[in-house]
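A short write-up of the structure that comes next.
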Number of protein chains: 2
Amino acid sequence: MPALDCTLETQPKLFNCITMSRKTFQRLSLDVRRRSLIEATLTCIARDGLHGASVRRITEEAGVTVGLVRHYFGSKDDMIRNAYAYLVGQLTAQASESARATEGTPEAKLASFLRANLTKPNMDEKTVSLWATFIGRVRHDPDFAEIHRDGYREFLNVLETLIEPVLIDHGCPHSVAICRNHAIALNGLIDGLWMEGALNSGLYAQDILPDLITGAAERLLELPAGALSAPDIALQSARHQTQPKQQSKPS
Amino acid sequence: MPALDCTLETQPKLFNCITMSRKTFQRLSLDVRRRSLIEATLTCIARDGLHGASVRRITEEAGVTVGLVRHYFGSKDDMIRNAYAYLVGQLTAQASESARATEGTPEAKLASFLRANLTKPNMDEKTVSLWATFIGRVRHDPDFAEIHRDGYREFLNVLETLIEPVLIDHGCPHSVAICRNHAIALNGLIDGLWMEGALNSGLYAQDILPDLITGAAERLLELPAGALSAPDIALQSARHQTQPKQQSKPS
DNA sequence: CTCTTTGATATACACTTGTTTAACTGAGGA
DNA sequence: TCCTCAGTTAAACAAGTGTATATCAAAGAG
């Protein structure tokens, strides 16, 4: 019986004014507040799932009261949409950055990009969990679909940009169509391994994945063995065109 | 204002007894009812998302009243868990079946399996949407995690079984470890393409995927070109061991 | 310093949720 | 035929949901 609560609720304001003080607060800029609410949203969805991430829990996580949701976003759904866009942006930015930050040959850049996607912090159970939760809404919400499409396109573009110079380096065909198909396949490989790897069902050790994907990418792109897994060594022979189409077998 | 509802609710039973008749119903067997509730659950989650699939909507979809949830399952969560297990079971069964049903060479079987995963009915937006929604809960619920792990293991096993004879046929190394790694990579490729393909962001036509994955799988397994995409032609040359390590380039 | 603005709070509201309980009824056995 | 039992309904329940509104106070402008 909620009798206790009811007696309080009969005179809530009076009680509050006399015995309690209103919560102190800071007036923050629009960007800061929006971001803190968005990050609290992601935290709650990752922790409690979509159904457990109520407005009250999210605002409590952000250290504010429920009214601010309406103030900074039109509604809870709008806030969640913004959180999804924020997550996708972070994901693609991190991946792109890991490739851009790597100095060296195109092979090294591509290898770095692939490995980055299958190691922390990119390959993270919480992130994958969040991502899957949102993917489940893409079908029902056009805004979600657009966010997904933009993120996917960006990812494909980055991959194409990384793949093409590698193909050129090894004297492989590198038409736009070929690069695109390679990007689609490689993206599928990344996505699948990223997801199953992060969920970590315990069927294999997660740390085999970086080597596994560089090896798989070599074969997918028909590069000589070691072109990505040991770029320094393999590149020299490739550059000299001694055995540009050499193929090896796993031992 | 819910005034109308309130006036009715002051004497609901009396009103019901005098003017309305109780809903007619059938007494069905345990299996039939459970299955119908499970399928209604999947339908509702696919249609309304996880947050929109309430007990009332699900039971209405199944044509029964809310009380039956407690009768056939302990709770709504328990019903959803059963629905997830049902979905995973269907998915793996369909995939295995498509491989088993194909008569012919190991290459044809593998190719059929790969293509089946990237065409209807396996590659379906509704199914992928459901799958992603559930994956988002794997992290929070040990039962979900177990269901996921079992499904994943089953899928890997099927893949290994399909891959090994193909490798043998082409004189490739086929140790257990090699088959396993190939299965992991190929599973990642399937998962990623299946998901992004079904979500169909419109960046490419979905019908390029079956050919794309057979080509990619040939290169991943280092088979001669056409071994999977045109198994009848390629197999003969492979069987005669004329060019077991031949490598081709995309035109 | 005072005034004004508006970010922020606290509360109210209407509604939905998952679960529980009591009443009813269809179908098979004696 | 009647009786019993379990499958099923219908109603009630407490808790929680997202949103709206009235109030308050922090910080900058004059």
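In what follows, chains carry the letters A, B, and so on, assigned in the order in which the sequence lines appear, proteins first and then strands, with residues in each chain numbered from 1.
- The distance from atom CG of A:Leu68 to atom P of C:dA8 is 6 Å, rounded to the nearest whole Å.
- Without hydrogens or angle criteria, A:His148 side chain to B:Leu199 main chain gives no donor-acceptor distance under 3.5 Å.
- The stretch residues 87-102 of chain B participates, sequence neighbours left out, in these side chain to side chain donor-acceptor pair (under 3.5 Å) pairs: B:Glu97-B:Arg100, B:Thr102-B:Ser112.
- With sequence neighbours left out, B:Tyr84 forms a ring-ring contact (aromatic ring centres under 6.0 Å, His included) with B:Phe134, B:Phe144.
- Remark on DNA chain C: of its neighbouring residues A:Gly67 and B:Gly67, the 5'-side contact belongs to A:Gly67, judged by nearest-heavy-atom nucleotide.
- Between the CD1 atom of A:Ile58 and the P atom of D:dG16 there is a distance of 16 Å, rounded to whole Å.
- Sorted by first and then second residue, the salt bridge (charged side-chain N to carboxylate O under 4.0 Å, His left out) pairs involving residues 188-202 of chain A (not counting sequence neighbours) form an empty list.
- Pairs of residues two or more places apart, or lying in two chains, that qualify as salt bridge (charged side-chain N to carboxylate O under 4.0 Å, His left out) and include a residue from residues 58-73 of chain B are B:Arg47-B:Glu61.
- For B:Val69, the side chain to side chain contact (heavy atoms under 4.5 Å, CB included) criterion is met by B:Val55, B:Thr59, B:Met79, not counting sequence neighbours.
- Between C:dA8 and A:Arg33, a contact under 4.0 Å exists linking OP1 or OP2 to a side-chain N or O.
- Residues passing the salt bridge (Lys or Arg N to Asp or Glu O under 4.0 Å) test with B:Arg81 are B:Asp141, B:Asp143, sequence neighbours excluded.
- Of the residues in residues 69-87 of chain A, those with a non-hydrogen atom less than 4.0 angstrom from any atom of DNA chain C are A:His71, A:Tyr72.
- Applying the salt bridge (Lys or Arg N to Asp or Glu O under 4.0 Å) criterion to B:Arg56, with sequence neighbours excluded, gives no partner residue.
- Of the residues in residues 37-57 of chain B, B:Ser54, B:Val55, B:Arg56 come within less than 4.0 Å of DNA chain C through at least one heavy atom, sorted by number.
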